[in-house]
Number of protein chains: 2
Amino acid sequence: MKLQKVTDAGQAEPVRHGRRYRDACGAAFALELVGERWALLIMRELMFGPKRFGAIRGGLPAISARVLAERLGELEAAGVVRREMLAPPASVAVYALTDWGRQADEAMLALCRWSLQSPGHDPSLHLSSAGLMMSLRALFRGGADTAGEIAVGEDLFAVSVAKGVFTVRSGAGEAAAFRLTAADARPLMQLFYGKVGLAAAEAVGLAVAGDRAAAAAFGGCFALPDKLA
Amino acid sequence: MKLQKVTDAGQAEPVRHGRRYRDACGAAFALELVGERWALLIMRELMFGPKRFGAIRGGLPAISARVLAERLGELEAAGVVRREMLAPPASVAVYALTDWGRQADEAMLALCRWSLQSPGHDPSLHLSSAGLMMSLRALFRGGADTAGEIAVGEDLFAVSVAKGVFTVRSGAGEAAAFRLTAADARPLMQLFYGKVGLAAAEAVGLAVAGDRAAAAAFGGCFALPDKLA
DNA sequence: CAGAATCCCATTCGATACTG
DNA sequence: CAGTATCGAATGGGATTCTG
């Protein structure tokens, strides 16, 4: 009722909240689509693959079920998210970004890179596996070609550096030279944000398998930008 | 009181609204800083130079004075905006982006480029001169080197294409080959968004001075992206 | 006139409880 | 687990008013 109104033809038409910017600039239109509270973070959670309602909540512990349901409805009406029913016998609903929704990652990365220059950023907060991978993409500084896997809790990602381009995919990787495993993002943040060595990260819960030298070199590909103030 | 609390030492400490994301990802932190309603559009208005309170309102006719004052206070506390007192005899307050605040333009451009792919975008809405220049930057597709001036209402911008890079500055331009003048953004939107010729834009209020061929070529450097749906 | 302060109301958010 | 219902609290928007 709040999210959309059904026209005479029965078509869903996004009405959104009465609050519009009434501004023809693309930035304003983007904010109409994904500027509501939590919207961009929900998209981040879906950036590496479809997720169930509960899995999104898992990545965003501070969101309430009500707001999450509301946002998913709005994002679906906006064409950013698609609700899909998995085939039987699974028969559960998952939420996935549309192709267009996935293209918002450039904007998201730009926001990450910008905000991480601030000395006010607090890396001690909770970080989901999707948030970690997003941060890695934002923090990539370049380095030698390599490939590996990162396992965070239940989630597995294939990462690679090829020709100076860093790529993350969901799932197992081809020809992974190393694998970093941790129960949550904390130890990996130490390694990537904190610029500590592999050994220090292992002391706080990281497990390294495979080529240790390759893993260490990979860790050196990322750094927080220089702070401003 | 709502924007900041004064500590024992008397220092201003951004408390924001109780609503936090509690998420270590840079995207979440960016949203804490500039994710409130109107914040990014206020920054857009300041992107090409400092403005007075009333001038910002002029660019954002739908914002209320209360919310604008509140946002300016928050953005100042966040280090994105600086409130400056012009030297006498002017002695008026203006709001300017800090260096860091200006760096958010990459993220803003990415949002523009993303959202303008949507068929839902409505170019018939109001557009401020800052919004127009932002949109031009987002719509730039490349073209031959040139330089000119664009005058929208009271505002004057120097634009140039050099080595495939499009630049906008506030004020008069060096060696401008042409000048496009209009009372508001509408005729210029016709030219740049609408892909109509110079003559058609002149029919709706555009005035062209100087080298017409250069002006026409400049107009051809911009285009809306292909729509998705 | 610029812009801060105040009041009122509609909407939204967040937390908890509830249901299939 | 996947949402929905409900309610108090906070916010946004608009109008009005004060102050210099």
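Just so it is clear, the structure is predicted and the values come from calculations on it, not from any experiment. We name chains A, B, ... by the order of the sequence lines, and we start the count at 1 in each one.
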Trainee: How would you list, by chain and number, every residue that makes a side-chain hydrogen bond (donor to acceptor under 3.5 Å, both in side chains) with Glu202(A), sequence neighbours excluded?
Mentor: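 Glu202(A) satisfies side-chain hydrogen bond (donor to acceptor under 3.5 Å, both in side chains) with Arg212(A) once adjacent residues are dropped.
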Trainee: Nearest heavy-atom pair of Leu116(A) and Lys227(A): which atoms, and what distance?
Mentor: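 Heavy atoms only, the tightest pair is O-NZ, 2.8 Å.
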Trainee: Got a sec? Which of residues 46-53 of chain B come in under 4.0 Å of DNA chain C, heavy atoms?
Mentor: Arg52(B), Phe53(B)
Trainee: For DNA chain C, find the residues of residues 84-97 of chain A with a heavy-atom distance under 4.0 Å and give them by number; none if there aren't any.
Mentor: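 The stretch gives none, as no residue of it lies under 4.0 Å from the strand.
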Trainee: Calculate the interatomic distance between Ile56(A) atom CD1 and dG3(D) atom C1'; express it in whole Å.
Mentor: 12 Å
Trainee: Distance check needed: dA4(C) P versus Glu74(B) CD, whole Å only.
Mentor: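 Spelled out: CD on Glu74(B) to P on dA4(C) is 13 Å.
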Trainee: Looking at every non-hydrogen atom in both residues, tell me the closest pair between Leu127(A) and Ala185(A) and how far apart they are.
Mentor: O-CB, 3.5 Å
Trainee: Angle class for the Phe178(A)/Phe218(A) ring planes (parallel below 30°, perpendicular above 60°, tilted otherwise)?
Mentor: tilted
Trainee: How close or far is atom C1' of dA5(D) from atom CG of Leu68(A), stated in whole angstroms?
Mentor: 16 Å
Trainee: Once you round it to whole Å, what is the distance between P of dG13(D) and CD1 of Ile42(B)?
Mentor: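 Atom CD1 in Ile42(B) sits about 10 Å away from atom P in dG13(D).
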Trainee: Treat primed atoms plus P, OP1 and OP2 as sugar-phosphate and everything else as base, then score nucleotides 14-19 of chain C 5' to 3': B for base contact with protein heavy atoms under 4.0 Å, S for sugar-phosphate contact only, - for none.
Mentor: BB----
Trainee: With sequence neighbours excluded, give me every salt bridge (Lys or Arg N to Asp or Glu O under 4.0 Å) pair touching residues 147-158 of chain A.
Mentor: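 Salt bridge (Lys or Arg N to Asp or Glu O under 4.0 Å) check on residues 147-158 of chain A returns Glu149(A)-Arg179(A).
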Trainee: Using the ring of each side chain (for Trp, its six-membered ring), is Phe157(B) parallel, tilted or perpendicular to Phe48(B), with breaks at 30° and 60°?
Mentor: perpendicular
Trainee: Grab the CG-P distance between Leu72(B) and dA4(C) for me, whole Å please.
Mentor: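 So the two atoms are 8 Å apart, to the nearest Å.
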Trainee: Can you tell me how far the OH atom of Tyr193(A) sits from the CG atom of Leu132(A), to the nearest 0.5 Å?
Mentor: 7.0 Å
Trainee: Whole-Å distance between dT6(D) P and Glu70(A) CD?
Mentor: 15 Å
Trainee: If you look only at pairs with a residue in residues 39-57 of chain A, which of them pass as a salt bridge (Lys or Arg N to Asp or Glu O under 4.0 Å), with sequence neighbours excluded?
Mentor: Arg44(A)-Asp23(B), Glu45(A)-Lys51(A)
Trainee: Does any N or O in the side chain of Ser115(B) come within less than 3.5 Å of the main-chain N or O of Gly26(A), such that one atom is a donor and the other an acceptor?
Mentor: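 Indeed, once roles are kept as given, a pair shorter than 3.5 Å links the two residues.
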Trainee: Quick one: closest heavy-atom pair of Arg83(A) and Tyr95(A), and the distance?
Mentor: NE-OH, 3.3 Å
